[in-house]
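Each remark here refers to the structure printed beneath this line.
Counting starts at 1 for both ligands and their atoms, in listed order.
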Amino acid sequence: MAASLGFRGAASGLWYWSGRRRPVGSLAAVCSRSMASKTPVGFIGLGNMGNPMAKNLMKHGYPLILYDVFPDVCKEFKEAGEQVASSPAEVAEKADRIITMLPSSMNSVEVYSGANGILKKVKKGSLLIDSSTIDPSVSKELAKEVEKMGAVFMDAPVSGGVGAARSGNLTFMVGGVEDEFAAAQELLECMGSNVVYCGAVGTGQSAKICNNMLLAISMIGTAEAMNLGIRSGLDPKLLAKILNMSSGRCWSSDTYNPVPGVMHGVPSSNNYQGGFGTTLMAKDLGLAQDSATSTKTPILLGSLAHQIYRMMCSKGYSKKDFSSVFQYLREEEPF
Ligand code: NAD
């Protein structure tokens with residue numbers, strides 16, 4: 001494995017700035033650095049999160065090579081002059097830095113190792129960053145396959161939701177070879193305000209899974225508290241205001257409140273459309289369950305949250321944002 005990004009970039013014929021090397025001072029060097037840093041970046045998976053993330057890379061001047069299994073979602077990028085590829089393999093042929101933002105482990109495996117996957121055409125020295133939330137053991141397997149091809153894989157799942165993806169304020173949790181972190185950071189900082197190195201491949205996923213288990217628990221707790229307050233005669237906006245100046249305050253209460261009408265610009269005020277799907281939350285809680293089993297860790301509330309989100313998926317909530325747990329609880333008639 002290359003000891004620094006500058007070396008790896010040079011090996012691939014597309015030198016780019018690592019953030020570790022310093023400019024030598026001449027105008028030519030600085031220009032060549034800034035021009036070289038704008039070589040195309042591949043982006044695969046342009047859904048709720050991938051779409052705004054790719055747009056932030058565009059805003060930073062990176063030309064994109066895009067692919068999504070639903071070509072319609074690439075239309076607006078094509079109209080803006082970006083290239084749309086016909087497979088992940090074609091993306092890998094045209095870009096030596098690729099970001100993937102896919103729903104689940106199965107999709108990441110397909111995009112990397114499938115018949116027309118990235119690994120079919122990946123160039124030596126390429127940097128492949130998977131920002132999907134997937135099983136850490138799958139990230140480790142993918143990293144091994146990528147390494148065999150002479151390229152580098154890092155897991156870099158995100159936290160922050162669609163709002164943070166739009167504003168470029170995501171938190172990235174990065175796992176992989178530390179010497180390669182600066183290279184990933186250069187791209188990830190265009191989309192996030194916090195880019196945190198967690199350790200070896202898979203540790204980014206482990207951090208993300210812990211975060212989402214806590215998020216699910218706090219969202220259910222917020223929905224329960226809001227529902228109880230409303231049924232006790234409190235105005236929901238007033239109750240949210242009180243919680244947010246008190247010890248019950250959390251991200252689910254002050255940034256992503258699950259009660260329709262309490263906040264603007266969040267899924268609860270848009271019939272729970274967009275945002276972070278209930279199916280995705282159920283998937284992340286399943287990953288937490290797997291990690292808890294393999295590490296023999298008790299996660300009592302995490303397990304309960306998993307069952308609640310699984311039940312919601314089978315009761316018509318699968319396509320709604322995960323904050324619809326409030327609506328789910330509301331539908332339980334008082335007895
Ligand atoms: P999404 O379902 O909105 O988007 C996923 C995109 O991937 C879709 O456009 C889909 O067509 C595409 N896709 C699926 N399989 C593909 C394949 N084989 N090849 C190419 N494209 C494929 O999901 P999202 O909400 O953008 O989430 C993406 C990832 O980010 C998930 O792992 C999720 O857990 C994680 N995440 C989401 C949020 C959120 O708020 N939505 C927040 C943090 C993390």
Side-chain angles (χ1 to χ4, degrees), residues 42-56 65-77 84-92 98-120 129-136 138-139 142 155-167 169-173 188 191-192 194 204-205 207-216 219 251-252 255-256 265-268 270 272-288 309 318-324:
F43 206 108
I44 301 177
L46 296 146
N48 287 330
M49 296 294 284
N51 176 304
M53 288 166 71
K55 282 180 184 159
N56 278 328
I65 315 278
L66 302 144
Y67 175 75
D68 192 287
V69 77
F70 289 116
D72 270 7
V73 300
C74 297
K75 222 169 142 191
E76 59 173 323
F77 291 95
V84 177
S86 59
S87 67
E90 191 189 335
V91 175
I98 302 174
I99 295 168
T100 43
M101 192 56 173
L102 302 157
S104 67
S105 300
M106 195 183 70
N107 307 115
S108 288
V109 170
E110 170 72 17
V111 162
Y112 278 84
S113 312
N116 284 312
I118 291 172
L119 292 174
K120 288 280 179 287
I129 302 173
D130 188 21
S131 282
S132 327
T133 305
I134 65 168
D135 188 329
V138 173
S139 300
L142 291 176
D155 56 308
V158 305
S159 178
V162 173
R166 284 197 198 112
S167 63
N169 283 311
L170 291 168
T171 292
F172 285 89
M173 298 156 239
L188 301 181
M191 303 176 280
N194 299 303
Q205 296 294 353
K208 167 68 186 173
I209 288 166
C210 294
N211 179 75
N212 272 25
M213 183 179 80
L214 180 56
L215 171 63
M219 179 55 81
W251 188 87
S252 301
T255 308
Y256 210 87
V266 291
S268 60
N270 187 29
Y272 299 105
Q273 299 307 301
F276 181 48
T278 292
T279 314
L280 292 177
M281 181 51 98
K283 176 233 359 175
D284 290 357
L285 290 164
L287 296 174
Y309 276 104
S318 61
K319 294 200 162 61
K320 294 189 178 194
D321 179 74
F322 81 114
S323 62
S324 63

Task: Between Thr278 and Tyr272: side-chain donor-acceptor atoms closer than 3.5 Å - done: no

- [ ] May I ask you to list the atoms of ligand 1 that are less than 4.0 angstrom from any heavy atom of Tyr67?
- [x] 19 (N), 20 (C)

Task: Protein heavy atom at shortest distance from atom 4 (O) of ligand 1 - done: Gly47 CA, 3.2 Å

Open item on the list: Are any of the N/O atoms on Ser159, whether in the backbone or the side chain, positioned under 3.5 angstrom from an N/O atom of ligand 1?
Closed with: no

Open item on the list: Starting from atom 26 (O) of ligand 1, what is the nearest protein heavy atom, named by residue and atom, and what distance separates them?
Closed with: Met49 N, 2.9 Å

Open item on the list: Between Asn116 and Ala89 (side chain of the first, backbone of the second, donor and acceptor by atom type, cut-off under 3.5 Å), is there such a pair?
Closed with: no

- [ ] Show which atoms of ligand 1 fall inside a sub-4.0 Å distance from at least one heavy-atom site of Gly45.
- [x] 7 (O)

- [ ] Report yes if the side chains of Ile118 and Val111 come closer than 4.5 Å at any heavy-atom pair, otherwise no.
- [x] yes

TODO: Return the residue, atom name and 0.1 Å-rounded distance of the protein heavy atom closest to atom 40 (O) of ligand 1.
DONE: Phe276 CB, 3.2 Å

Task: Non-hydrogen side-chain atoms of Leu102 and Glu110 separated by less than 4.5 Å - done: no

TODO: For atom 29 (C) of ligand 1, state which one of Leu102, Val91, Asn48 supplies the nearest heavy atom.
DONE: Leu102

Task: Polar atom proximity, Gly275 to ligand 1 (N or O, under 3.5 Å) - done: yes

Open item on the list: So, regarding Gly161 and ligand 1 (criterion: nitrogen or oxygen to nitrogen or oxygen, under 3.5 Å), is there a contact or not?
Closed with: no

Task: Thr279 (side chain) donor-acceptor with Ser318 (main chain) under 3.5 angstrom - done: yes

Open item on the list: I'd like to know if the side chain of Asn107 and the backbone of Ser104 have a donor-acceptor N/O pair within less than 3.5 Å.
Closed with: yes

- [ ] To the nearest 0.5 angstrom, please state how far the OG1 atom of Thr133 sits from the CE atom of Met173.
- [x] 7.5 Å

TODO: Enumerate the atoms of ligand 1 whose separation from the nearest heavy atom of Phe70 is less than 4.0 angstrom.
DONE: 11 (O)

Task: Minimum-distance protein heavy atom relative to atom 20 (C) of ligand 1 - done: Val69 N, 3.3 Å

Open item on the list: Side chains of Lys208 and Leu287, heavy atoms from C-beta outward: is any pair under 4.5 Å?
Closed with: no

Open item on the list: Considering non-hydrogen atoms of the protein only, which is the closest contact for atom 35 (C) of ligand 1, and what is the distance?
Closed with: Thr133 OG1, 3.6 Å

Task: Non-hydrogen side-chain atoms of Met101 and Ile44 separated by less than 4.5 Å - done: no

Open item on the list: Any donor-acceptor pair under 3.5 Å linking the side-chain atoms of Asp321 with those of Ser324?
Closed with: no

- [ ] Looking only at protein heavy atoms, identify the closest one to atom 30 (O) of ligand 1 and say how far it is in Å.
- [x] Met101 CE, 3.0 Å

Open item on the list: Any nitrogen or oxygen of Leu280 lying under 3.5 Å from a nitrogen or oxygen in ligand 1? Just yes or no.
Closed with: no

Open item on the list: Side chains of Pro267 and Phe276, heavy atoms from C-beta outward: is any pair under 4.5 Å?
Closed with: no

Task: atom 15 (N) of ligand 1 [closest protein heavy-atom partner, distance rounded to 0.1 Å] - done: Asn107 ND2, 3.5 Å

Task: Side-chain donor or acceptor of Ser132 paired with backbone N/O of Pro103 under 3.5 Å - done: no

- [ ] Determine whether the side chain, the backbone, both or neither of Ile134 has a heavy atom under 4.0 Å from any heavy atom of ligand 1.
- [x] neither

- [ ] Give the contacting part of Val111 toward ligand 1: side chain, backbone, both or neither, where contact means a heavy-atom distance below 4.0 Å.
- [x] side chain

Task: Candidate with minimal heavy-atom separation from atom 7 (O) of ligand 1, of Pro103, Pro71, Cys74 - done: Pro103

Open item on the list: Please report whether ligand 1 has a polar contact with Val73, defined as an N or O pair separated by less than 3.5 Å (distance criterion only).
Closed with: no

TODO: Have a look at Lys319, Gln205, Lys283, Lys208 and point out the one with the heavy atom closest to atom 34 (O) of ligand 1.
DONE: Lys283

TODO: Check each atom of ligand 1 against the heavy atoms of Val158 and keep those under 4.0 Å away; list them by number with element.
DONE: 43 (C), 44 (C)

Open item on the list: Would you say Asp130 and Ser108 are linked by a side-chain donor-acceptor pair, where the criterion is simply a distance under 3.5 Å?
Closed with: yes

- [ ] Name the closest protein heavy atom to atom 8 (C) of ligand 1, giving the residue it belongs to and the distance to 0.1 Å.
- [x] Asp68 OD2, 3.5 Å

